[in-house]
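Input: a single structure, listed below in structure tokens.
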Amino acid sequence: MLRDLFSIGNDKISDIDLGKIPEHVAIIMDGNGRWAKARGKARTFGHQVGAETLKTIVKVASCVGVKVITAYAFSTENWKRPSSEVDFLMDLLGRYLTNEIEEFNKNGVQLRFIGSRKGLPTWILRKMDYAVAVTERNTGIILNLAINYGGRNEILHAAKTIAAEVAAGQLNVDNIDTNIFEEHLYTKGLPVPDLLIRPGGDMRISNFLLWQIAYTEIWTTDIYWPDFTQEHFIEAIKAYQCRERRFGGL
Ligand code: IPE
Ligand code: IPE
Ligand code: MG
């Protein structure tokens with residue numbers, strides 16, 4: 001496993017505790033636009049380079065034993081951006097899904113998606129469904145992409161589905177607990193994130209995984225996502241390993 005970390009100096013990983021790797025790491029891939037602007041380039045160039053960064057991070061995460069990466073790629077609020085940027089992001093996602101499938105399969109990556117299908121173009125939905133279908137038997141890391149995702153939207157969606165089941169007599173109100181609720185979230189079946197990474201310098205959640213991050217450790221950096229390297233990822237894991245998680249206890 002660690003032999004795959006050929007490009008990370010031993011000094012960087014030697015003090016990582018392989019017995020204490022976060023099972024699920026969530027990432028708010030932020031700062032693409034500002035990264036590009038600082039280089040006198042169009043924001044879209046930042047998105048393009050950011051998509052490459054994700055590949056690198058999935059690889060290193062898989063090497064150290066992370067089981068799930070949930071990456072925030074497009075929020076329910078990102079539709080507010082100029083249509084040219086939105087169109088570019090959809091095209092980029094489409095190309096990513098087409099071009100990376102072979103590599104994902106080679107590395108055993110399972111692709112999943114969270115978010116609302118409503119509002120996404122049919123051609124993207126088709127590519128998403130295909131990507132899930134052809135990677136679902138892979139046994140390696142799960143790459144869970146949040147597309148047209150919003151935490152509030154997800155909670156509303158769960159509440160409505162539960163209400164409909166109650167109305168249909170399939171579910172008793174008294175039986176609704178956190179487990180039942182979680183089964184109605186887009187992240188059904190996945191563990192909650194242990195670590196949330198936000199590059200780009202902002203210290204906010206931006207409507208990401210609102211239910212799931214109740215006790216998640218948060219690590220932020222000023223580095224913009226396109227500049228985020230495997231060394232930064234390792235740094236975040238090390239910081240996580242120094243945290244004392246109390247979950248409200250002592
Ligand atoms: C994150 O980068 C990618 C998406 C939100 C799609 P941004 O596009 O938000 O980049 P900044 O934050 O404006 O620099
Ligand atoms: C969060 O970044 C969404 C994604 C990374 C996809 P934003 O750039 O949309 O968040 P705000 O607007 O800074 O809160
Ligand atoms: Mg941003």
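Every number for a ligand or one of its atoms is a count from 1 in the order of the listing. Since we're looking at a predicted model, the values are computed, not measured. FYI, the numbering just counts along the sequence from 1.
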Between Arg112 and Gln110, does a side chain to side chain donor-acceptor pair (under 3.5 Å) hold up when you go through it step by step?
-> CA-CA 7 Å; Arg112 297 201 194 165; Gln110 264 184 76; 3.1 Å; yes
Would you check the N or O atoms of Ser75, main chain and side chain alike, for any that come under 3.5 Å of an N or O of ligand 2?
-> no
Given that the side chain starts at C-beta and the backbone is N, CA, C, O, which of these parts of Ala146 lies under 4.0 Å from ligand 2, counting heavy atoms, or is it both or neither?
-> neither
Arg246 with Glu244: basic N within carboxylate O range, under 4.0 Å = yes
According to a 4.5 Å side-chain heavy-atom criterion applied to Ile, Leu, Val, Met, Phe, Trp and Tyr, with indirect links allowed, do Leu143 and Val132 form part of one hydrophobic cluster?
-> yes
Numbered atoms of ligand 1 (with element) below 4.0 Å of Ala73, judged on heavy atoms = 6 (C)
Donor-acceptor pair between Glu165 and His184 side chains, under 3.5 angstrom | yes
Report the nearest protein non-hydrogen atom to atom 14 (O) of ligand 2: residue, atom name, distance rounded to 0.1 Å.
-> Ser206 OG, 2.6 Å
Is Gly200 in contact with ligand 1, taking contact as a heavy-atom separation below 4.0 Å?
-> no
Closer than 2.8 Å to the Mg ion (ligand 3), do we get an N, O or S atom from Asp30, backbone or side chain?
-> yes
Any ion pair linking Lys55 and Glu52 (charged N to carboxylate O, less than 4.0 Å)?
-> yes
among protein heavy atoms, the one nearest atom 10 (O) of ligand 1 is Gly33 N, 2.9 Å
Of the backbone atoms (N, CA, C, O) and the side-chain heavy atoms from C-beta on, which set of Asp202 has a member under 4.0 Å from an atom of ligand 1: side chain, backbone, both, or neither?
-> neither
Is it possible for you to check whether Lys127 lies under 6.0 Å from the centre of the six-membered ring of Tyr130, through NZ or CZ, and within 45° of that ring's axis?
-> no
Does ligand 2 have any atom that is closer than 4.0 Å to a heavy atom of His47?
-> no
Closest protein heavy atom (residue, atom, distance) for atom 9 (O) of ligand 2 | Asn78 ND2, 2.9 Å
Ignoring hydrogens, just give me the one of Arg204, Arg34, Arg81 whose non-hydrogen atom is nearest atom 13 (O) of ligand 2.
-> Arg204
Looking only at protein heavy atoms, identify the closest one to atom 1 (C) of ligand 1 and say how far it is in Å.
-> Met29 O, 2.9 Å
Just checking, is any N or O donor in the side chain of Asp17 or Tyr240 under 3.5 Å from an acceptor N or O on the other one?
-> no
Looking just at side-chain N and O atoms, do His232 and Thr221 make a donor-acceptor pair shorter than 3.5 Å?
-> no
Does Lys37 have a heavy atom less than 4.0 Å from any atom of ligand 1?
-> no
Between the candidates Tyr72, Phe74, Trp225, which shows the shortest non-hydrogen contact distance to atom 3 (C) of ligand 2?
-> Tyr72
Within the structure, does Trp35 bring an N/O atom to less than 3.5 angstrom of an N/O atom in ligand 1?
-> no
Establish, from distance only, whether the side-chain atoms of Ser75 and Asn78 form a donor-acceptor pair under 3.5 Å.
-> yes
Thinking salt bridges, do Asp194 and Lys67 make one under a 4.0 Å N-O criterion?
-> no
Which protein non-hydrogen atom lies closest to atom 2 (O) of ligand 2, naming both residue and atom, and how far is it?
-> Asp30 OD1, 3.7 Å
Which of the numbered atoms in ligand 1 are below 4.0 angstrom from a heavy atom of Leu89?
-> 6 (C)
Beyond-backbone contact of Phe233 with Ile237, side-chain heavy atoms, under 4.5 angstrom | yes
